[in-house]
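Working notes, beginning with the structure itself.
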Amino acid sequence: VQLQASGGGLVQAGDSLRLSCAASGRTGNSYDMAWFRQVPGKVREFVAGIRWSGDGAYYGDSVSGRATISRDNARGTVYLQMKMVKSEDTAVYYCAAGWPGYSLEAGHYEYWGQGTLVTVSS
């Protein structure tokens with residue numbers, strides 16, 4: 001499975017952002033998908049995940065209530081929308097794919113995209 005993340009850039013604090021992750025390759029729609037983020041010197045942090053079927057989503061505490069993850073299996077794409085962004089949301093955002101399991105652990109996910117940088121300015 002190959003993953004390509006896009007949509008990063010400079011965002012004003014309080015605004016919204018939308019990231020996309022295009023999946024290609026065999027059985028891409030059979031995987032749970034997730035977004036993680038990482039800043040230099042810190043561990044990769046779970047942001048949001050969604051079941052392969054699209055009928056279950058789960059979120060990290062730091063974005064709960066502000067983020068929405070969705071997927072369009074017909075297009076092979078997963079989206080992350082986040083509102084009311086804060087400076088603490090500045091990070092490289094990665095999308096990942098793994099076998100079903102409702103996991104918040106980076107080690108569970110087998111495939112990773114290259115990352116897209118989000119910078120929130122105040």
Side-chain angles (χ1 to χ4, degrees):
V1 177
Q2 293 80 44
L3 305 174
Q4 180 73 40
S6 61
L10 183 63
V11 187
Q12 293 288 328
D15 284 352
S16 299
L17 65 82
R18 187 191 196 214
L19 305 179
S20 300
C21 176
S24 60
R26 68 179 184 90
T27 64
N29 292 341
S30 300
Y31 292 91
D32 284 0
M33 300 291 293
W35 288 95
F36 287 78
R37 64 187 183 187
Q38 189 169 25
V39 297
K42 293 191 176 182
V43 299
R44 196 163 290 190
E45 176 191 15
F46 175 81
V47 176
I50 188 166
R51 295 282 287 167
W52 65 272
S53 57
D55 62 355
Y58 39 108
Y59 298 93
D61 290 340
S62 62
V63 301
S64 184
R66 298 190 296 123
T68 301
I69 187 172
S70 60
R71 68 190 296 166
D72 182 342
N73 282 346
R75 296 178 181 271
T77 303
V78 177
Y79 305 97
L80 177 70
Q81 292 184 291
M82 194 180 305
K83 60 183 180 181
M84 296 299 293
V85 296
K86 311 172 185 178
S87 58
E88 304 93 280
D89 296 320
T90 295
V92 176
Y93 284 72
Y94 298 90
C95 60
W99 290 109
Y102 274 115
S103 179
L104 281 64
E105 300 296 327
H108 172 80
Y109 294 88
E110 185 174 357
Y111 302 99
W112 292 83
Q114 85 289 358
T116 186
L117 175 63
V118 172
T119 303
V120 180
S121 64
S122 56

Nearest-0.5 Å distance, [atom1] of residue [X] to [atom2] of residue [Y]:
{"X": "L17", "Y": "L10", "atom1": "CG", "atom2": "CG", "value": "11.5 Å"}
{"X": "C95", "Y": "Q4", "atom1": "SG", "atom2": "CD", "value": "8.0 Å"}
{"X": "T68", "Y": "R18", "atom1": "OG1", "atom2": "CZ", "value": "11.5 Å"}
{"X": "K83", "Y": "D15", "atom1": "NZ", "atom2": "CG", "value": "13.5 Å"}
{"X": "H108", "Y": "E110", "atom1": "NE2", "atom2": "CD", "value": "9.5 Å"}

Just do the side-chain contact (heavy atoms from CB on, under 4.5 Å) check on S103 and D32 with the steps written out, would you?
-> CA-CA 9 Å; S103 179; D32 284 0; over 6 Å; no
T77 side-chain N/O to A22 backbone N/O, donor-acceptor pair under 3.5 Å | no
Side-chain (Q114) to main-chain (A5) donor-acceptor, under 3.5 angstrom | yes
Give me the atom names and distance for the closest heavy-atom approach of [X] to [Y].
{"X": "V78", "Y": "M33", "result": "CG2-CG, 3.5 Å"}
{"X": "R71", "Y": "N73", "result": "NE-OD1, 2.8 Å"}
{"X": "T90", "Y": "V120", "result": "OG1-N, 2.9 Å"}
{"X": "V39", "Y": "A91", "result": "CG1-CB, 3.7 Å"}
{"X": "A67", "Y": "L80", "result": "CB-CD1, 4.2 Å"}
{"X": "L3", "Y": "A23", "result": "CD2-CB, 3.6 Å"}

Check against side-chain contact (heavy atoms from CB on, under 4.5 Å), M82 and V11 | CA-CA 11 Å; M82 194 180 305; V11 187; over 6 Å; no
Linking I/L/V/M/F/W/Y whenever their side-chain heavy atoms sit closer than 4.5 Å, directly or via other members, would W99 and W112 fall into one cluster?
-> no
Quick note, ring pair (Phe, Tyr, Trp, His ring centres under 6.0 Å) partners involving residues 53-97, not counting sequence neighbours, are F46-Y58, Y58-Y102
Flag the pair R51 / P100 as yes when at least one side-chain heavy-atom distance between them is below 4.5 Å, and no otherwise.
-> yes
Residues two or more places apart in sequence or in another chain: which of them pass ring-ring contact (aromatic ring centres under 6.0 Å, His included) with Y109?
-> F36
Parallel under 30°, tilted from 30 to 60°, perpendicular over 60°: which one fits the rings of Y111 and Y31?
-> perpendicular
Will you find, in the side chains of R37 and S62, an N or O donor that is under 3.5 Å from an N or O acceptor?
-> yes
